[in-house]
S.K.: 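Please read through the structure below; I'll follow up with questions.
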Amino acid sequence: MSSSCSGLSRVLVAVAIALVSTSSPCPQAWGPPGVQYGQPGRSMTLCCPGVTSGAPVSWFRDGETRLLQGPDSGLGHELVLAQADSTDEGTYICRTLDGALKGIVTLQLGYPPARPVVSCQAADYENFSCTWSPSQVSGLPTRYLTSYRKKTVPGADGQRMSPSTGPWPCPQDPPGASRCVVHGAEFWSQYRINVTEVNPLGASTRLLDVSLQSILRPDPPQGLRVESVPGYPRRLHASWTYPASWPRQPHFLLKFRLQYRPAQHPAWSTVEPAGLEEVITDAVAGLPHAVRVSARDFLDAGTWSAWSPEAWGTPSIDHRDPLEQVAVLASLGIFSFLGLAAGALALGLWLRLRPDGKDGPQKPGFLAPVIPVDKLPDLHQLAVCHILCGLFWTNRSRHLGRQEMSSFGGDQEISMLRRGEVLCGGPWKMDRDGQMGRIFGSSKCVTCRNPSALCGACVRL
């Protein structure tokens, strides 16, 4: 507690000194001894070091003999420059009445500080750091004073002065750097950061409220490796590890996203792996691939980390994927078989069903010499007839009106065939009840004018 108070006291004392030095006619030196500072366009008073206040001195520019201000000016040991500008910058010499050199003063002009630009980031859920930069260049030596405190719940006035809420110094790491680190922060708490920019002409403060949930941004994953998968020309295996700054514990895990692209290809493909590795299955065989990965809190707190450095890998080209090869061969075999079967069936139907002319004799079908329909067993014959006749008569029956069929095997005649009715496996005859019945075992064929051979029967239109 005492160290915190002493640190805060040093901060306040430094700010007070800076403010007093701007109002004093002879400000204390900042930086190298003998240097005094001023602002362009304003009057500037230089003091001769090494003499008592009010002692008359003479002022000269270094390297010049021309007297700037004599001892009878009534200003004593001071030199007043009205509306100083860049031409007034340089070194001045003051001498006593006997010509002895009493002091050398260097004038440097610049501007008061403006409020700095401050941003904070948490690389894990226990610590966070803040960085800053000047919003405008002052041209003068500058220091930064940093502190923080934990914000209290609105309305809790009794806690505002509690030692548990601060303020505490935010140590700069390393000293003088534009960065300070807060260790041991609470993940669900809010903090107020104070960054004050101080130079010889004044001070300016920036206050920033932060919470770890909003500023959480992990460091990029480490140890990214990309390897080929033997026997798989389109696969790459990528693996990585947690960043060293992230304390891996069960309640605060990271999720990852991975991007990859072939060489000379501008667009990235993105996937979100489930763990610390991923198998790329659509890589381009034989081409190098760039891979990178980033991380984020698994509950989506904060933002994604920066991308890791790219790692490169090339898929294996020594062997082909056996599963892909079998799949391709099987697909080719199936399509080839289906194509041949469909072609043979179509050719057989066309040769079997095509009309040969209006008055010419009936020619045997393409399949008749090989597999006569009337020689097949009844079950097979019936199946073939249903398939062939269904295709033929579906089209031809649209144009049928009254049709007649005669059979060599009987003396009865089939007449008045209703439209669209298909008769297969003939020859046929009419029974006493007017129903058509098939003449089984007969090899004779129905004859007609304009014959067309179908299913072992001759049908005329």
Side-chain angles (χ1 to χ4, degrees), residues 1 3-16 18 112-138 140-154 159-199 202-220 222 242-247 252 254 294-297 299-307:
M1 178 67 185
S3 61
S4 300
C5 293
S6 62
L8 180 60
S9 300
R10 288 194 297 270
V11 170
L12 297 177
V13 169
V15 174
R115 291 197 302 172
V117 178
V118 182
S119 63
C120 298
Q121 176 180 320
D124 56 60
Y125 52 85
E126 294 178 342
N127 311 285
F128 68 92
S129 62
C130 296
T131 58
W132 55 86
S133 61
S135 57
Q136 70 178 21
V137 178
S138 66
L140 302 177
T142 303
R143 300 172 186 172
Y144 292 92
L145 310 175
T146 54
S147 63
Y148 73 98
R149 68 177 179 87
K150 185 166 67 172
K151 294 187 66 178
T152 57
V153 179
Q159 297 182 3
R160 293 187 178 180
M161 300 305 295
S162 173
S164 61
T165 61
W168 305 285
C170 183
Q172 299 177 17
D173 185 22
S178 298
R179 178 177 181 265
C180 73
V181 181
V182 176
H183 298 283
E186 298 176 0
F187 187 76
W188 306 109
S189 298
Q190 290 189 342
Y191 295 87
R192 172 161 290 179
I193 309 300
N194 183 326
V195 179
T196 301
E197 180 177 331
V198 182
N199 71 15
S204 183
T205 298
R206 169 79 69 177
L207 299 178
L208 179 65
D209 293 338
V210 299
S211 65
L212 262 66
Q213 297 181 66
S214 61
I215 64 174
L216 183 62
R217 191 188 189 198
D219 290 331
Q222 298 176 343
Y242 269 65
S245 59
W246 186 269
F252 294 91
L254 293 176
S294 66
R296 187 178 185 178
D297 176 75
L299 291 179
D300 291 332
T303 58
W304 285 97
S305 73
W307 290 104

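By convention here, the first residue in the shown sequence is residue 1. Reckoned from all heavy atoms, side chains included, excluding hydrogens, waters and symmetry mates.
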S.K.: To the nearest 0.5 Å, tell me how far Thr196 OG1 sits from Arg206 CZ.
M.R.: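 Rounded to the nearest 0.5 Å, the OG1-CZ separation comes out at 11.5 Å.
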
S.K.: Answer yes or no: is there a donor N or O on one side and an acceptor on the other, between the side chain of Asn127 and the main chain of Ala122, under 3.5 Å?
M.R.: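 It does not hold such a pair.
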
S.K.: Evaluate the criterion disulfide bond (SG atoms under 2.5 Å apart) for residue pair Cys170 and Cys130; output intermediate values, then yes/no.
M.R.: CA-CA 9 Å; Cys170 183; Cys130 296; 5.8 Å; no

S.K.: Quick one: SG on Cys180 to CG on Leu145, what's the gap to the nearest 0.5 Å?
M.R.: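 Here the interatomic distance stands at 11.5 Å.
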
S.K.: Distance from Asp297 atom CG to Trp304 atom CH2, nearest 0.5 Å?
M.R.: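 The distance works out to 10.0 Å.
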
S.K.: What orientation do Tyr148 and Phe128 show, parallel under 30°, tilted 30 to 60°, or perpendicular over 60°?
M.R.: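 Tyr148 and Phe128: perpendicular rings.
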
S.K.: Grab the two heavy atoms, one from Leu140 and one from Thr142, that are nearest each other, plus how far apart they are.
M.R.: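 Distance-wise, the nearest heavy atoms are O-OG1, 3.0 Å.
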
S.K.: Which residues pass the salt bridge (Lys or Arg N to Asp or Glu O under 4.0 Å) test with Asp209, not counting sequence neighbours?
M.R.: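 Partners of Asp209 by the salt bridge (Lys or Arg N to Asp or Glu O under 4.0 Å) criterion, ordered by chain and then number, come out as Lys151, Arg192.
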
S.K.: Okay, side chain of Tyr144, backbone of Arg179: is any donor-acceptor separation there less than 3.5 Å?
M.R.: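 Here the side-chain-to-backbone pair does not exist.
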
S.K.: For Pro220 and Pro243, work out which heavy atoms get closest and say how close.
M.R.: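 Shortest heavy-atom separation between Pro220 and Pro243 comes out as O-CB, 3.5 Å.
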
S.K.: Work out which heavy atom in Ala123 is nearest to a heavy atom in Leu216; give both atom names and the distance.
M.R.: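 Reported closest heavy-atom pair: C-CD1, 4.4 Å.
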
S.K.: Evaluate the criterion side-chain contact (heavy atoms from CB on, under 4.5 Å) for residue pair Trp246 and Asp219; output intermediate values, then yes/no.
M.R.: CA-CA 8 Å; Trp246 186 269; Asp219 290 331; over 6 Å; no

S.K.: Which residues satisfy the side-chain hydrogen bond (donor to acceptor under 3.5 Å, both in side chains) test with Thr303, sequence neighbours excluded?
M.R.: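 Checked Thr303 against side-chain hydrogen bond (donor to acceptor under 3.5 Å, both in side chains); zero matches.
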
S.K.: So, taking the atom named CZ in Arg217 and the one named OG in Ser294, what distance separates them when rounded to the nearest 0.5 Å?
M.R.: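 Rounded to the nearest 0.5 Å, the CZ-OG separation comes out at 9.0 Å.
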
S.K.: Let's go through Ile193 and Cys120 carefully: what are the C-alpha distance in whole Å and the side-chain angles of both, what is the deciding distance for side-chain contact (heavy atoms from CB on, under 4.5 Å) to 0.1 Å, and is it a yes or a no?
M.R.: CA-CA 9 Å; Ile193 309 300; Cys120 298; 4.0 Å; yes

S.K.: Please check: side-chain N/O of Ser305 versus main-chain N/O of Ala295, any donor-acceptor pairing under 3.5 Å?
M.R.: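 Yes; judged by distance alone, with no hydrogens or angles, the pair exists.
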
S.K.: Could you tell me how the ring of Phe187 sits relative to the ring of Tyr125: parallel (under 30°), tilted (30 to 60°) or perpendicular (over 60°)?
M.R.: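 Phe187 and Tyr125: perpendicular rings.
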
S.K.: Write down the atom of Trp132, the atom of Ala177, and the distance for their closest heavy-atom approach.
M.R.: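 Here Trp132 and Ala177 meet closest at CZ2-O, 3.4 Å.
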
S.K.: Does Ser135 form a side-chain contact (heavy atoms from CB on, under 4.5 Å) with Val117? I'd like the steps, not just the answer.
M.R.: CA-CA 6 Å; Ser135 57; Val117 178; 4.2 Å; yes

S.K.: Taking side-chain hydrogen bond (donor to acceptor under 3.5 Å, both in side chains) as the definition, give me every residue that meets it alongside Tyr242, ordered by chain and number, with sequence neighbours left out.
M.R.: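 With sequence neighbours excluded, Tyr242 shows a side-chain hydrogen bond (donor to acceptor under 3.5 Å, both in side chains) to no residue whatsoever.
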
S.K.: Between Trp188 and Gln213, which heavy-atom pair has the shortest distance, and what is it?
M.R.: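 Heavy atoms of Trp188 and Gln213 come nearest at CE3-NE2, 3.1 Å.
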
S.K.: What heavy-atom pair brings Arg115 and Thr205 nearest, and what distance separates the two atoms?
M.R.: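 Nearest pair, atom of Arg115 first, then Thr205: CD-O, 3.0 Å.
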
